[in-house]
Structures are given as structure tokens and as C-alpha cells.
Amino acid sequence: EVQVVESGGGLVQPGGSLRLSCAASGFTFSSYAMSWVRQAPGKGPEWVSTINSGGDSTTYSDSVKGRFTISRDDAKNTLYLHMNRLKPEDTAVYYCAKYGPVRALQDFRSWGQGTQVTVSS
């Protein structure tokens, strides 16, 4: 079965950094684009970033562009999100999902439990 396990979240101060990981299984990871989606408390889901199957093309939401970097290691079936200069508004549960932005927003709930990122002083 398709499964993803997100990890790396935690409590950080504004301006801090964090790296999230997503271990994927149950499908040919290297063949698919992958995305990160987040959902803040009381808010709807927000697409964050996508990386293509070849790992040579990335896209970001305006809210994180310049601060976050998405990457992948196909040999490890793992997706990463390196987050820098974190802001309180980055506080959310972060999920990884198969496919690009549209399908990720539709389907992210079915893949894994997410990892909590809290940015607060």
C-alpha cells in the first residue's frame, strides 16, 4: 500500500530552521512528482512546494519562496523540505503527498499523518 511517514517537525523560534523528511513506500517513488502541503490550525490546506520526478524542477508558493527548499533522494525513497527563516505563520501540520499541486491538495490526507511545525517564541 502507498504510505508516507513525515518526520522532523518540532518547536522552533522565529528565524530558526528545520528540515522535514518524508519516507515513502508502496510505489515507485522515483517515477512521481512529490509535494508538500501544510494546514495551519483552523485553516484550510495550503500547497507549499512540488518537485518533479527527475528532481531538476521545483516550484514554491509565494509565502515560502526564498525560504524553503524541496529536494528528494530517490535512492532512499525520501522527500525533504528544508525550511529557513521560519515565521509564526509557518506553524502548521506539514504533509507530503504524491503528485503535483492540484492532486496533492486533493489527496494529501490519505497518505500520512503529517508532522507538526510550531514557530513560536
Side-chain angles (χ1 to χ4, degrees):
E1 65 181 290
V2 174
Q3 185 180 41
V4 297
V5 179
E6 298 95 342
S7 62
L11 175 64
V12 297
Q13 292 186 310
S17 298
L18 208 59
R19 189 183 77 166
L20 307 184
S21 298
C22 168
S25 62
F27 66 102
T28 305
F29 178 80
S30 61
S31 297
Y32 292 88
M34 295 290 295
S35 296
W36 287 96
V37 170
R38 67 185 182 185
Q39 189 162 20
K43 305 295 183 181
E46 177 189 13
W47 169 77
V48 175
S49 184
T50 293
I51 187 167
N52 74 332
S53 62
D56 59 353
S57 179
T58 59
T59 53
Y60 301 89
S61 68
D62 289 342
S63 61
V64 308
K65 193 171 186 178
R67 299 188 298 119
F68 290 12
T69 301
I70 189 171
S71 62
R72 66 192 298 158
D73 187 340
D74 289 345
K76 298 180 179 179
N77 286 359
T78 301
L79 179 74
Y80 301 99
L81 186 68
H82 188 203
M83 306 182 294
N84 295 313
R85 300 185 300 281
L86 284 160
K87 305 174 180 179
E89 50 263 48
D90 294 319
T91 295
V93 178
Y94 285 71
Y95 302 86
C96 70
K98 194 177 178 183
Y99 306 119
V102 175
R103 289 194 64 175
L105 281 170
Q106 294 176 169
D107 301 336
F108 74 94
R109 300 172 186 87
S110 67
W111 302 132
Q113 296 288 73
T115 186
Q116 175 71 52
V117 172
T118 302
V119 185
S120 177
S121 59

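Keep in mind it's a predicted model, so treat the numbers as computed, not measured. All values below were derived from every heavy atom in this structure, side-chain atoms included, with hydrogens, water molecules and symmetry-related copies excluded.
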How many angstroms lie between OG in S21 and CG in L81, if you round to the nearest 0.5 Å? 9.5 Å
Are V93 and Y80 joined in one hydrophobic group, where the rule is that I, L, V, M, F, W and Y side chains link up if heavy atoms are under 4.5 Å apart? no
Y60 versus T69: any side-chain heavy-atom pair under 4.5 Å? yes
With a 3.5 Å distance limit and no angle check, can you tell me whether N77 reaches the backbone of F29 through a side-chain donor-acceptor pair? no
Can you give me the closest heavy-atom contact between A33 and G100, atom names plus distance? CB-N, 4.3 Å
Residues two or more places apart in sequence or in another chain: which of them pass side chain to side chain contact (heavy atoms under 4.5 Å, CB included) with L18? V12, L20, M83, L86, V117
Closest non-hydrogen atom pair between A92 and R38, with its separation: CB-CB, 3.8 Å
Nearest heavy-atom contact between S120 and P14 is C-CD, 3.7 Å
Nearest heavy atoms of E6 and Q113, plus distance in Å: OE1-N, 3.5 Å
Nearest-0.5 Å distance that lies between atom OG in S35 and atom CG in N52: 10.5 Å
In the single-linkage hydrophobic clustering (I, L, V, M, F, W, Y; side-chain heavy atoms under 4.5 Å), do W111 and F27 co-cluster? yes
For residues Y94 and D90, report the shortest heavy-atom separation together with the two atoms involved. OH-O, 2.7 Å
Do the side chains of V37 and V4 join up, straight or via other hydrophobic residues, at under 4.5 Å, putting them in one cluster? no
Are any side-chain N or O atoms of T91 and backbone N or O atoms of V119, one a donor and one an acceptor, separated by less than 3.5 Å? yes
Heavy atoms, side chains only, cut-off 4.5 Å: are R109 and P45 in contact? yes
Between R72 (side chain only) and G55 (backbone N and O only), is there a donor and an acceptor less than 3.5 Å apart? no
Can you establish whether the number of heavy atoms outside Q106 located under 6.0 Å from its atom CD is more than 12? yes
K98 versus M34, closest heavy-atom pair with distance: CA-SD, 3.6 Å
Could you state whether W36 and Y32 fall into the same hydrophobic cluster, counting links through intermediate Ile, Leu, Val, Met, Phe, Trp or Tyr residues with side-chain heavy atoms under 4.5 angstrom apart? yes
Are Y95 and F68 co-members of a hydrophobic cluster defined by side-chain heavy atoms under 4.5 Å apart? no
Answer yes or no: is there a donor N or O on one side and an acceptor on the other, between the side chain of S49 and the main chain of T59, under 3.5 Å? yes
Measuring from I70:CD1 to C96:SG, what's the distance to the nearest 0.5 Å? 9.0 Å
